[in-house]
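Proteins come first, then strands; the chains are lettered A, B, ... in the order of their sequence lines, and each starts at number 1.
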Number of protein chains: 4
Amino acid sequence: MSDSEWITELIKDTEHATMSDKQRKILEAAIDTFSEKGYSGSSTSEIAKKAGVAEGTIFRHYKTKKELLLAIVTPTVAKFVAPFFIKSFAKEVFENEYERYEDFLRVVAKNRLEFVRKQFPVLKIFIQEIAFHDELREPFQKLFADHVYEKFKRIIEHFQEKGEIISLPPQTIMRMTASSIIGYILPRFLLFSDMDWDDEKEIDQIVEFVMYGLSGRK
Amino acid sequence: MSDSEWITELIKDTEHATMSDKQRKILEAAIDTFSEKGYSGSSTSEIAKKAGVAEGTIFRHYKTKKELLLAIVTPTVAKFVAPFFIKSFAKEVFENEYERYEDFLRVVAKNRLEFVRKQFPVLKIFIQEIAFHDELREPFQKLFADHVYEKFKRIIEHFQEKGEIISLPPQTIMRMTASSIIGYILPRFLLFSDMDWDDEKEIDQIVEFVMYGLSGRK
Amino acid sequence: MSDSEWITELIKDTEHATMSDKQRKILEAAIDTFSEKGYSGSSTSEIAKKAGVAEGTIFRHYKTKKELLLAIVTPTVAKFVAPFFIKSFAKEVFENEYERYEDFLRVVAKNRLEFVRKQFPVLKIFIQEIAFHDELREPFQKLFADHVYEKFKRIIEHFQEKGEIISLPPQTIMRMTASSIIGYILPRFLLFSDMDWDDEKEIDQIVEFVMYGLSGRK
Amino acid sequence: MSDSEWITELIKDTEHATMSDKQRKILEAAIDTFSEKGYSGSSTSEIAKKAGVAEGTIFRHYKTKKELLLAIVTPTVAKFVAPFFIKSFAKEVFENEYERYEDFLRVVAKNRLEFVRKQFPVLKIFIQEIAFHDELREPFQKLFADHVYEKFKRIIEHFQEKGEIISLPPQTIMRMTASSIIGYILPRFLLFSDMDWDDEKEIDQIVEFVMYGLSGRK
DNA sequence: AATGAATGAGCCTTCATTCAT
DNA sequence: CATGAATGAAGGCTCATTCAT
């Protein structure tokens with residue numbers, strides 16, 4: 001099974017269609033709880049209570065607590081990186097759909113932000129737990145290294161050749177780009193999620209910053 | 001007690017001078033364990049074993065497990081922000097010690113990176129746990145809002161007046177600045193800590209990026 | 001219902017003819033599992049899996065786990081003692097079919113050993129569990145006291161009157177006879193079942209021993 | 001460490017001197033419970049209640065439930081076979097302390113019966129559980145094969161050479177001897193422990209039987 | 001100050017059993 | 001009949017914390 005088939009597979013698993021009502025409730029309760037107290041700080045009995053099912057029911061659907069964690073996190077993260085797997089992703093860049101790095105960036109950022117907005121609790125769990133579970137880290141590290149990074153790298157090199165962006169190592173360019181965006185997302189959802197945010201405008205500013213820095217000279 | 005006195009107070013607590021040998025060992029073992037498995041995932045008995053003390057001894061020094069967490073995290077985070085409290089911090093900026101925002105940035109960044117290098121395990125615990133413990137979040141949120149943010153804001157406005165940097169909201173400027181640096185630190189220590197890093201050079205690049213962006217135009 | 005009718009009744013229950021395919025498989029799986037792990041150490045879900053049926057199916061045929069145990073053990077043990085109920089059993093002894101105690105012994109031993117060979121797993125369950133379940137112990141204790149013991153006693157007295165065997169209490173004679181045979185069967189099947197055994201010859205030796213002891217004098 | 005040292009070691013473990021009060025009570029409660037309901041049928045919470053300690057206390061002394069089982073059974077079984085390890089055991093036979101096999105038998109039987117009388121609950125647990133736990137079976141199988149069997153074999157051969165007993169394979173002689181004795185012990189303690197038994201006389205009868213059989217001819 | 005035995009609540013998981021489909 | 005999802009009690013075991021020594 002190729003990686004992109006694997007991604008499709010993973011995602012199917014959470015299509016709510018194939019899930020029983022109880023299973024959906026368990027998942028929701030678990031997301032709530034893990035997100036609020038962390039994986040280790042959450043107890044299966046609490047999740048069961050919140051889901052309105054017996055504790056045994058959780059273990060009928062998920063053999064262990066950890067399997068429940070993976071069932072929550074894996075498909076969502078897969079969905080998050082899925083766009084980087086579709087064929088058109090890089091093609092549109094190379095065939096001049098995007099003339100400039102900043103156009104490309106803006107589209108990707110807005111699109112992924114939309115996703116984050118809907119799935120933040122799950123992504124928060126992922127971020128919190130990736131440090132502690134090899135089962136989480138390894139598949140996504142590989143996925144990222146083999147696909148997302150490779151594809152991004154070629155895109156960056158493409159724009160470097162066009163003279164659009166400076167010739168630092170692609171890895172560095174990526175890190176700067178990514179951290180500018182993540183540096184918006186994290187406070188936006190984690191610390192000040194109750195504030196009013198004009199995401200469109202903020203992203204435009206971030207893209208502007210990524211391209212021309214704080215000095216503002218173009 | 002003013003905030004700056006409070007900071008000084010906090011820091012004294014971890015001066016190794018005032019600590020018994022056992023206490024130091026407990027702290028070290030706890031840092032190790034919390035850092036590796038998270039707070040909830042660590043057991044006091046494991047920490048005791050690693051520290052080579054009896055289980056009860058931990059509770060003689062720290063009333064509860066959570067108090068142990070705070071004893072680890074609080075003084076280190078206080079030390080991390082301490083420079084922002086000394087009088088000279090902003091004065092040097094306004095009195096033209098730093099002519100340019102980027103000079104100021106470079107100095108602060110290198111200096112704080114040095115600190116992070118030494119204290120990463122503790123800071124990792126802080127990052128992981130801040131989401132779950134009000135006792136951690138609240139004092140530092142306040143500290144940051146009242147002091148670091150305020151001071152930084154005036155510095156940014158200073159350079160905006162000088163026309164050095166664009167006139168986005170100071171909060172946005174700060175976020176972009178900070179996330180660029182944090183976006184280096186986190187992969188640097190969390191994911192690829194075993195690689196060789198030329199921190200000096202990397203920070204120079206980050207500062208360059210923060211000022212002039214990826215287009216590279218000055 | 002007389003005891004001998006009851007025995008016949010019991011035995012009919014396991015005639016494989018009257019059983020559905022699933023039921024047979026459940027029984028086989030349960031014998032396997034109980035025999036290997038003991039009654040308490042076996043779970044109904046494991047038995048269901050091994051039998052290839054759903055968990056609920058077991059409980060359609062046997063109201064409780066204990067009923068399943070009895071369904072396994074009772075008819076086999078009944079079959080084991082059944083010969084002692086047929087009319088001819090003692091008659092043949094008294095009407096000089098067997099002139100000597102040892103002839104009688106040899107025939108019974110060989111015949112019952114044949115049965116044990118085929119049914120050892122079930123008998124092992126019986127031996128293991130009889131100590132823990134009144135439902136198992138009581139009917140067979142009664143059965144044994146009322147029939148097997150009584151019949152045996154008269155046979156022993158018969159041979160004692162003929163001067164064939166010494167006049168210890170019949171109970172003692174029985175115990176010595178029985179334990180000599182059981183002392184062969186248990187190691188034979190429990191500990192060294194994979195060795196080659198010449199059952200015919202071994203039984204001849206045991207009978208010899210029971211009659212003339214280790215000194216070998218006749 | 002040689003086997004006989006190992007035996008000594010094992011036995012020390014249960015010297016009640018080195019045990020705390022609670023530990024002794026846990027052991028007693030566990031013997032009671034295991035003996036009555038079997039290992040799998042007993043719960044640690046029941047044992048704790050019977051011992052008058054908290055459930056956690058059991059696990060402070062014995063890491064797992066199985067370790068508790070071994071702590072009960074191992075030293076007692078070791079004590080049971082210990083006499084077969086002392087040097088004088090066989091020597092007395094060969095140096096004509098025992099002129100006849102039956103004298104030797106009588107002494108050993110009476111002596112070991114005394115032990116069984118005191119320790120039957122533990123030995124019952126051993127008998128019940130040896131079939132299910134490799135940790136129990138393996139060490140004692142080896143112990144028996146290497147020492148008890150070997151020593152016994154030479155004794156039997158000694159008496160065979162003297163013409164005292166018939167020349168069947170020593171293994172067979174042993175089996176017959178042992179099962180005659182065990183065939184007394186098991187009903188004696190397991191089924192009819194509340195009856196009055198004249199052990200002295202019974203053993204004399206058993207020895208008589210082992211030597212001269214039921215025909216009674218000398 | 002330090003110990004480590006003791007605690008009992010709580011952990012994750014498995015259990016025998018029920019019942020709607 | 002057979003299924004397997006659902007149950008909640010009970011399982012073995014670990015936890016943070018206390019306290020007599």
Could you tell me how far apart [X] ([atom1]) and [N] ([atom2]) are, to the nearest whole angstrom?
X       : N      : atom1 : atom2 : value
B/Ile26 : E/dT3  : CD1   : C1'   : 12 Å
C/Glu67 : E/dT17 : CD    : P     : 10 Å
B/Lys65 : E/dA9  : NZ    : P     : 19 Å
A/Ile47 : E/dC11 : CD1   : P     : 11 Å
D/Lys37 : F/dG12 : NZ    : P     : 11 Å
D/Glu55 : F/dA9  : CD    : C1'   : 14 Å
C/Phe59 : F/dA6  : CZ    : C1'   : 14 Å
A/Tyr62 : F/dA5  : OH    : C1'   : 14 Å

It should be established whether [X] places a side-chain nitrogen or oxygen under 4.0 Å from OP1 or OP2 of nucleotide [N].
X       : N      : result
A/Ser45 : E/dC11 : yes
C/His61 : F/dC1  : no
D/Arg60 : E/dA5  : yes
A/Thr44 : E/dC12 : yes
A/Lys22 : F/dT7  : yes

Between D/Lys63 and A/Asp21, whichever has its closest DNA chain F nucleotide further toward 5' is A/Asp21
Once you apply a heavy-atom cut-off of 4.0 Å, does C/Ser40 come out as touching a base, just sugar-phosphate, or nothing? nothing
Could you check, using the six-membered ring where one of them is a Trp, whether B/Tyr39 and B/Phe132 have ring centers closer than 6.0 angstrom? no
May I ask you to check whether C/Phe126 and C/Phe80 place their ring centers less than 6.0 Å from one another? no
Using Watson-Crick or G-U wobble pairs with both distances under 3.5 Å, give me DNA chain F in dot-bracket, 5' to 3', with [ ] for crossers and | for pairs to another strand. .||||||||||||||||||||
Nearest-nucleotide pick for B/Ser43, side chain only, options being F/dC13, E/dA2, F/dC15: F/dC15
